[in-house]
Amino acid sequence: MKAYAKRLFDEAAKKLDYLNDVDYALERPKQEAHGDLSCNAAMLLARALKRKPREIAQEIVDALEPDDAVEKIEIAGAGFVNFFFSNAFLANAAKDALERGEKFGASDLHKGKTANVEFVSANPTGPLTVGHGRNAVVGDAVANFLEAVGYQVDREYYFNNAGRQMRVLGESVKARYLEALGETTLFEDHFYRGEYVKEIAEKLVEEHGDNLKDEPAEGAFKARAEAEIFKDIAGTLERLNVRHDRFYNERDLYDDGRIDATLDAMKERGLSYEKEGALWFKFSEMGGEEDRVMVKSTGEPTYRLPDVAYHLTKFERGYDAIVDVFGADHKDAYPDVLAAVKTLGYDVERVKVIVHQFVTVLKDGEVVKMSTRKANYVTLDELIDDAGADAVRYFFSMRSVSSHMNFDVDLARKQNEENPVFYVQYAHARISSVLRALDDADLAPSAERLDLLVAPEERRLLVLLNRFPEAVRHCAEFFELHHMTGYLAELASAFHKFYTECRIIGSDKALAEARAALAAATRVTVANGLRLLGVSAPERM
RNA sequence: GCGCCAGUAGCUCAACCGGAUAGAGCAUCAGCCUUCUAAGCUGAGGGUUAGUGGUUCGAGUCCACUCUGGCGUACCA
């Protein structure tokens, strides 16, 4: 609809030069009485032209040359130009959906381009928590949407198994191991206290008895912990239908010399210096906040150095779009990384950073202060156990990423029947059910007579089908998944109303088959929307 | 202190580049199943968009200040 109206305006602009000078909007009005699409150009021009907006609106309308796609164009309010599309035009979307099936909504807008989406990226120090869930869901869905607009997408998980956290984890496992052997140990305050640490230690006792007593914590203990925890993380992600194409180990950056190369490159440009035994980068000269330590006086790099080197590899791998998904707690790091990458000659415009706000978890009416180390958390697995993978994915997708969200675990548990995801899935199941019943009534969906679909409920569904491709593009561009959940809720609602008011079986054959086609097209659309969000579309409920 | 994100109905959240009468779900109340799935539909109530000032044809949206909450502000990641 928007594309069509835009073409009309572009044509009109050849006659009305002032249309070229104004950044007008083509929006869908909140109220149906205001049509399917609305343009505010006349109001925006009124001042510059020193004329009345409605007068300008009239001039614009006179200059537009619509064909029969448009039923009427009205001037309303302060000077809005409102479009009402014809049913014949709207019905095209239903035909599209039926013909293109799973491809409906997809486009080749970015065909031939590649994208890298990095998400989750939790170090293997413990099970994924509810907080990671938001990251996983957002990252995976964003990747889906990028694929839908033509990108070839790599999903990447970046991790570090060499830092202090992992060292402490190894020590924690060893301490539990010795405890299990009956020795008294000092379980230090900063150790990881989670049950999973004990479980790993117990496995080691079962398999090796006391043979590991003299092993260093950093050896077998850490290695086993990493392997077990990663297995656990992978299992959790699998349950959420989230998969990564590549796990990128920070260590590789050291092994293949990228860390040193990054240091050298900065040194060559005179952007690093030594102070108090540490190596600093001059971020203040690169547009960053202030200079930062990159290599500590101990000789150990800070996390920023590998972060820079890692991002350089993404550029070297030639991605057209580089998407980073992380929580608000990591927000301070990326401006420096981008500043360094830019200084080294790369186009940082390709990087899109999605910062999602924190998830506040409520349990038993209380806020749970999450800490992996202190073993104070609600795991993602527990949440999936309680609410189901579909509800978890839908729930995280429903909120704007920039919004803090409250996650009431007790509510999620009860939400079985009240969760909005079921409303949408139910529409899919209901349609599936009607379509199954068609055979017995000797009917089949047919797009031959879609012109018969003139009831308000039918028209409304058609309008929504028209909006789906736009909604997909919007999500791929702005990464705001809640626009898709909102769209799907509207679509499901429109269907349920249609279902209540417009009988399929029992109507005249031509009308029944046109309605069946509309239902089938709606089912395709619901299924595609849910699939992009990583949510299942059940045929029976 | 400084930086970022937010504050909208009882609760959880929407509102696309500033547009027309601020919308959903849940909860509450009142209706609708002899016919394709009632996990549905219809209707009702519920708002000083945290506050104050400003910008303009028009502000929940932009600007300034104030208040409240979250996150950050490391030679932690």
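Each chain gets a letter, A, B and so on, in the order its sequence line appears, and its residues count up from 1.
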Which atoms of nucleotides 28-35 of chain B (N or O only) lie under 3.5 Å from a protein N or O atom, and what are those distances?
none

Quick check on B:A38: is either OP1 or OP2 less than 4.0 Å from any side-chain nitrogen or oxygen of A:His496?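 A:His496 to B:A38 OP1/OP2: no side-chain N or O under 4.0 Å.
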Quick check on contacts: within residues 510-522 of chain A, what sits under 4.0 Å from RNA chain B by heavy-atom distance?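 By residue number: none to list.
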Please list residues of residues 423-431 of chain A whose heavy atoms come under 4.0 Å from any atom in RNA chain B, ordered by number; otherwise none.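 The answer is A:Tyr423, A:Tyr426, A:Ala429, A:Arg430.
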For RNA chain B, what dot-bracket results from Watson-Crick or G-U pairs at under 3.5 Å, with [ ] for crossers and | for inter-strand partners? (((((((..((((.....[...)))).(((((.......))))).....(((((..]....))))))))))))....
Identify the pairs formed between an N or O of the protein and an N or O of nucleotides 43-49 of chain B at a distance under 3.5 Å, and give each distance.
none

Quick one: which residue pairs count as a side-chain hydrogen bond (donor to acceptor under 3.5 Å, both in side chains) with a foot in residues 296-308 of chain A, not counting sequence neighbours?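 Matches after skipping sequence neighbours: A:Arg304-A:Asp336.
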With sequence neighbours left out, which residue pairs that include part of residues 26-50 of chain A fulfil the side-chain hydrogen bond (donor to acceptor under 3.5 Å, both in side chains) condition?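 The answer is A:Asp36-A:Arg459, A:Ser38-A:Asn82.
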Looking at A:Lys374, I want to see if its NZ is surrounded by more than 12 non-hydrogen atoms of other residues, nucleotides or ligands under 6.0 Å.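 Counting neighbours around NZ of A:Lys374, 12 or fewer heavy atoms of other residues, nucleotides or ligands fall under 6.0 Å, so no.
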Strictly under 3.5 Å: I want the nitrogen or oxygen pairs between protein and nucleotides 56-62 of chain B, one per line.
residue	atom	partner	partner atom	Å
B:U56	O3'	A:Arg47	NH2	3.1
B:C57	OP1	A:Arg47	NE	3.2
B:C57	OP1	A:Arg47	NH2	2.7
B:C57	OP2	A:Arg47	NH2	2.8

Going by side-chain hydrogen bond (donor to acceptor under 3.5 Å, both in side chains), name the residues that satisfy it together with A:Glu250, two or more places apart in sequence or in a different chain.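 Per chain and number, A:Glu250 pairs via side-chain hydrogen bond (donor to acceptor under 3.5 Å, both in side chains) with A:Asn160.
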Scan residues 486-499 of chain A for pairs that pass salt bridge (charged side-chain N to carboxylate O under 4.0 Å, His left out), counting only residues two or more places apart or in two chains.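 As it turns out, the salt bridge (charged side-chain N to carboxylate O under 4.0 Å, His left out) pairs with a partner in residues 486-499 of chain A, which skip direct neighbours, are A:Arg460-A:Glu490, A:Arg467-A:Glu490.
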Consider the side chain of A:Glu501, meaning its heavy atoms from C-beta on, and name the nucleotide among B:C41, B:U37, B:U21 that approaches it most closely.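 Given the options B:C41, B:U37, B:U21, the side chain of A:Glu501 is closest to B:C41.
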Summarise how protein sits on nucleotides 70-77 of chain B as a single string, 5' to 3': B when a protein heavy atom is under 4.0 Å from the base, S for sugar-phosphate-only contact, - for no contact. BSSS-BSB
Any stacking of A:Phe80 on B:G19, going by centres under 5.5 angstrom and planes within less than 30 degrees?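 A:Phe80 vs B:G19: stacking no.
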With sequence neighbours excluded, tell me which residues meet ring-ring contact (aromatic ring centres under 6.0 Å, His included) with A:Phe478.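 Per chain and number, A:Phe478 pairs via ring-ring contact (aromatic ring centres under 6.0 Å, His included) with A:His474.
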